[in-house]
Amino acid sequence: MNSQREIIAYFSMEIALEPALPTYSGGLGMLAGDTIRSAADLKVPMVAVTSLHRQGYFAQKLDANGWQTETPVVWNVGEHCRELPARAQVAIEGRPVWLRAWQYTVKGRSGHELPVFLLDTDLPENSTWDRALTNHLYGGDAWYRLCQEIVLGIGGVRMLQALGYHDISRFHMNEGHAALLGLELLDERARSSGRDVFNHDDVQAIQQSCVFTTHTPVPAGHDRFPLELVSRALGRSDFAAHHDVFCCEGELNMTYLALNLSHYVNGVAKKHGEVSRHLLLPKDAFHHYQIDHITNGVHLATWASPPFAKLFDRFVPGWREDNASLRGVLNIPQQEVWKAHVAAKEKLVQEINRRANAGFDADIFTLAFARRAATYKRAHLLLTDPSRLKRIVAEAGGLQIVYAGKAHPRDNPGKGLIQQIIQTRKELLPEVRLVYLENYDWELARLLVAGVDVWLNTPEPPLEASGTSGMKAALNGVPSLSILDGWWLEGCVEHLTGWAIGKTNSIADSPDARNRRDVQSLYQKLEEVVLPTFQQRREDWLRIMRHAIALNASHFNTQRMVEEYVLKAYFE
Ligand SMILES: *Cc1c(COP(=O)(O)O)cnc(C)c1O
């Protein structure tokens, strides 16, 4: 590997760069951020390209009825990023749209710098509409989204050239939003050989430069645009002629475009790789997709709470440089682990009471459910039978539940779910306290994953591609109680790193039957195993906390993950 010349360009529509910057919506952006933080630590020669999102994703407010409203989060770009003089241009409906890039620099542990270029169309040369193209993450209609993806994919490649990067060896598409970068690479290659249109050889050559990570196990999650929209935007009509690249009937499917133009494709957990292989069957006879998996991770130095970071520094020095060494947590005296947990829990409880005046108590067993409020995640599952839940916890000295999570602005069923949860609050008192905290973000996630006793996850399998918040919890000694889906199929060792809800292979049932069975299993685990262990067998509980860290944080980290990308996708 020639590390001076071979540069990886990592493209992602969202990247969580630091808590104050609203440049991400959730797991995808957080993963992108953790990826580049570990790549910088490992000195991987990488640059990252994303969109600026001048008005952020959104800030969530919940009104008295529990209904979500959204407000923009305007941030001062110049305070955090440096404007670069380079300009690039893309054509949308034949008119030039100019872009600039702002640079944010991620510094690795040993000082290695990884530049992130945030694309911005807010330039006086552009029309008012075009100037707003990099304002909203996942905002607007299909037309707006398509134009945004033209800016990210095509504009991103041109911007890298304008910045002097002529030696990119691999383009990594983190999800399909950036797939149009492949089209630009094809056109570029044809042009440089003096041809107007690309050919089959160009496609094969471009595949060698591209890597694609898919994140969505549902067809509806894949970005698709009607071909007439794409033709109008890009002023070209060669899509039918290149059916083998663009696929499918009457629409441009960004997932298939990325698949067709990549030599290495992966899902984000072992199970998700399998699901993707079934879901993304070739639409014709030309293709045979090989889809591997690289299981996600988290950046440990980012997600260890201060009390645990201190504890690791004392007992496992070097853990930030060598994540796998966290196996050594098994040598830490149990009481030290408990002390660190209590410190993290007290901090969270204080914050909950400050934000919501919720009367939470650090001595009471506390569960969290914090994730995007999409219906398939089944946030309400735990609350299916409030009186049964109250009976279960009455003997165990009570239960506190903290919920958090935003619904996408146009996801009314998701918003309804939040409302339903909030309205269950009164029914649960006094045995169970419940609070729904507004505005789940990096800052809040940091407190939650470390400060609760158990991290709950109840997605409808197989819809959780990976999930990463449970990995953050594990790092802080917080075991998961979760449906066996995504990463938990790999991370769950029953009663040692946490507990499984239900069984694997529950795909065939009707949704109602599955809900009934899963909630049954959830209540049973709480009643018979989790609560009695927490309340009566503290030694056992501390053994579980330490194994959550030693077995799971030592593996489900972005250091191991980036090393896998390097071996399997970047420099192979
Ligand atoms: C880690 C994280 C996520 C992703 O977690 P999931 O387990 O995929 O839900 C989402 N949002 C924030 C703020 C996070 O920190």
Side-chain angles (χ1 to χ4, degrees), residues 26-27 30-31 217 268-272 275 295-298 303 365-384 389 392 399 401-405 417 421 440 445 448-507 509 514-531 533-534 541 544-545 547-549 551-553 555-556:
M30 205 50 92
L31 176 79
V268 289
K270 186 162 189 275
K271 171 77 173 182
H272 180 235
V275 170
T295 302
N296 282 344
V298 298
W303 291 103
F365 178 78
T366 305
L367 271 178
F369 188 100
R371 48 201 73 246
R372 189 158 50 84
T375 47
Y376 80 84
K377 298 195 181 230
R378 299 191 296 180
H380 59 295
L381 198 75
L382 173 69
L383 310 178
T384 307
L389 189 58
I392 291 172
L399 166 70
I401 312 169
V402 46
Y403 274 96
L417 205 57
I421 291 164
Y440 181 48
L448 284 171
V449 295
V452 296
D453 296 304
V454 166
W455 194 253
L456 180 68
N457 194 14
T458 52
E460 218 174 280
L463 301 184
E464 183 93 326
S466 166
T468 51
S469 55
M471 302 173 185
K472 301 167 191 167
L475 169 66
N476 291 288
V478 173
S480 282
L481 170 59
S482 170
I483 295 281
L484 285 166
D485 197 18
W487 83 283
W488 193 234
L489 282 160
E490 297 160 61
C492 178
V493 184
E494 186 70 12
H495 208 58
L496 199 61
T497 60
W499 305 270
I501 302 168
K503 296 194 173 64
T504 43
N505 302 324
S506 52
I507 295 161
D509 306 12
R514 184 162 55 216
N515 285 348
R516 277 197 301 277
R517 200 192 40 204
D518 286 346
V519 73
Q520 205 55 32
S521 166
L522 167 55
Y523 287 157
Q524 203 176 353
K525 276 276 155 76
L526 263 181
E527 180 168 28
E528 294 172 8
V529 187
V530 180
L531 285 167
T533 308
F534 183 82
W541 190 264
I544 291 166
M545 288 185 70
H547 279 84
I549 307 171
L551 293 182
N552 283 348
H555 181 73
F556 297 100

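For reference, positions follow the sequence shown, starting with 1.
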Chemist: I'd like to know whether E464 forms a salt bridge (Lys or Arg N to Asp or Glu O under 4.0 Å) with K377, so could you lay out the CA-CA distance, the side-chain angles of the two residues, the decisive distance to 0.1 Å, and finally the verdict.
Modeler: CA-CA 8 Å; E464 183 93 326; K377 298 195 181 230; 3.4 Å; yes
Chemist: Can you name the closest pair of heavy atoms from V452 and A368 and give their distance?
Modeler: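 Closest approach of V452 to A368, heavy atoms only: CG1-CB, 3.6 Å.
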Chemist: Say you draw a straight line from OG of S480 to CG of L456; how long is it, rounded to the nearest 0.5 Å?
Modeler: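 If I round to the nearest 0.5 Å, the distance is 9.0 Å.
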Chemist: Between CD of E527 and CG of L389, what distance do you get to the nearest 0.5 Å?
Modeler: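 One gets 10.0 Å once the value is rounded to the nearest 0.5 Å.
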Chemist: Within the distance-only criterion (no hydrogens, no angle test), does the side chain of N476 pair as donor or acceptor with the backbone N or O of W303 below 3.5 angstrom?
Modeler: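 Checking the backbone N and O of W303 against the side chain of N476, a donor-acceptor pair under 3.5 Å is found.
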Chemist: Are I392 and L399 close enough that some pair of their side-chain heavy atoms sits under 4.5 Å apart?
Modeler: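 With C-beta onward as the side chain, the pair stays apart.
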Chemist: Cation-pi check, R371 to F369: give yes when NZ or CZ is under 6.0 Å from the six-membered ring centre and within 45° of the ring axis, no otherwise.
Modeler: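 Geometry flag: set, cation within 6.0 Å and 45°.
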Chemist: Rounded to the nearest 0.5 Å, what separation is found between the CG atom of D518 and the CZ atom of R516?
Modeler: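 Here the rounded value is 11.0 Å.
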Chemist: Sorted by first residue and then second, give each ring pair (Phe, Tyr, Trp, His ring centres under 6.0 Å) pair with at least one member in residues 467-486; sequence neighbours left out.
Modeler: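 Not a single pair qualifies under ring pair (Phe, Tyr, Trp, His ring centres under 6.0 Å).
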Chemist: So how far is it from L526 CG to L382 CG, rounded to the nearest 0.5 Å?
Modeler: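 Separation between the atoms: 6.5 Å.
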Chemist: Could you tell me whether the side chain of Y376 and the main chain of P461 form a donor-acceptor pair under 3.5 Å?
Modeler: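 Such a contact is absent between Y376 side chain and P461 backbone.
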Chemist: Taking it one step at a time, do N515 and R378 satisfy side-chain contact (heavy atoms from CB on, under 4.5 Å)?
Modeler: CA-CA 9 Å; N515 285 348; R378 299 191 296 180; 2.8 Å; yes
Chemist: Run V454 and F534 through side-chain contact (heavy atoms from CB on, under 4.5 Å) and show every step you take.
Modeler: CA-CA 10 Å; V454 166; F534 183 82; over 6 Å; no
Chemist: Filter on side chain to side chain donor-acceptor pair (under 3.5 Å), then keep only pairs touching residues 484-497, sequence neighbours left out; what's left?
Modeler: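 The answer is T295-E490, E494-K525, H495-W499, H495-D540.
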Chemist: Using every non-hydrogen atom in the two residues, find where A269 and G486 come nearest and quote the distance to one decimal.
Modeler: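 Taking A269 first and G486 second, the nearest heavy atoms are CB-C, 4.0 Å.
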Chemist: Are side-chain heavy atoms of M30 and T468 found at a separation under 4.5 Å?
Modeler: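 Counting from C-beta outward, M30 and T468 never come under 4.5 Å.
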Chemist: Please step through side-chain contact (heavy atoms from CB on, under 4.5 Å) for the pair D453 and L367, ending with a clear verdict.
Modeler: CA-CA 6 Å; D453 296 304; L367 271 178; over 6 Å; no
Chemist: Would you check, one step at a time, whether the test side-chain contact (heavy atoms from CB on, under 4.5 Å) holds for F365 with L531?
Modeler: CA-CA 8 Å; F365 178 78; L531 285 167; 3.5 Å; yes
Chemist: A side-chain contact here means heavy atoms from C-beta on lying under 4.5 Å apart; do W455 and S482 qualify?
Modeler: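 Side-chain contact under 4.5 Å: no.
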Chemist: Would you compute the distance between atom CG of L522 and atom CD1 of I501 and round it to the nearest 0.5 angstrom?
Modeler: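 With rounding to 0.5 Å, CG (L522) is 4.5 Å from CD1 (I501).
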Chemist: Could you check if a side-chain atom of T458 sits within less than 4.5 angstrom of a side-chain atom of L481, using non-hydrogen atoms only?
Modeler: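 Not in contact.
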Chemist: How close do A465 and H272 get, heavy atom to heavy atom, and via which atoms?
Modeler: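 Distance-wise, the nearest heavy atoms are O-CB, 3.3 Å.
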Chemist: Working to the nearest 0.5 angstrom, can you tell me the gap between K271 NZ and L489 CG?
Modeler: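 Going from NZ on K271 over to CG on L489, the span is 6.5 Å.
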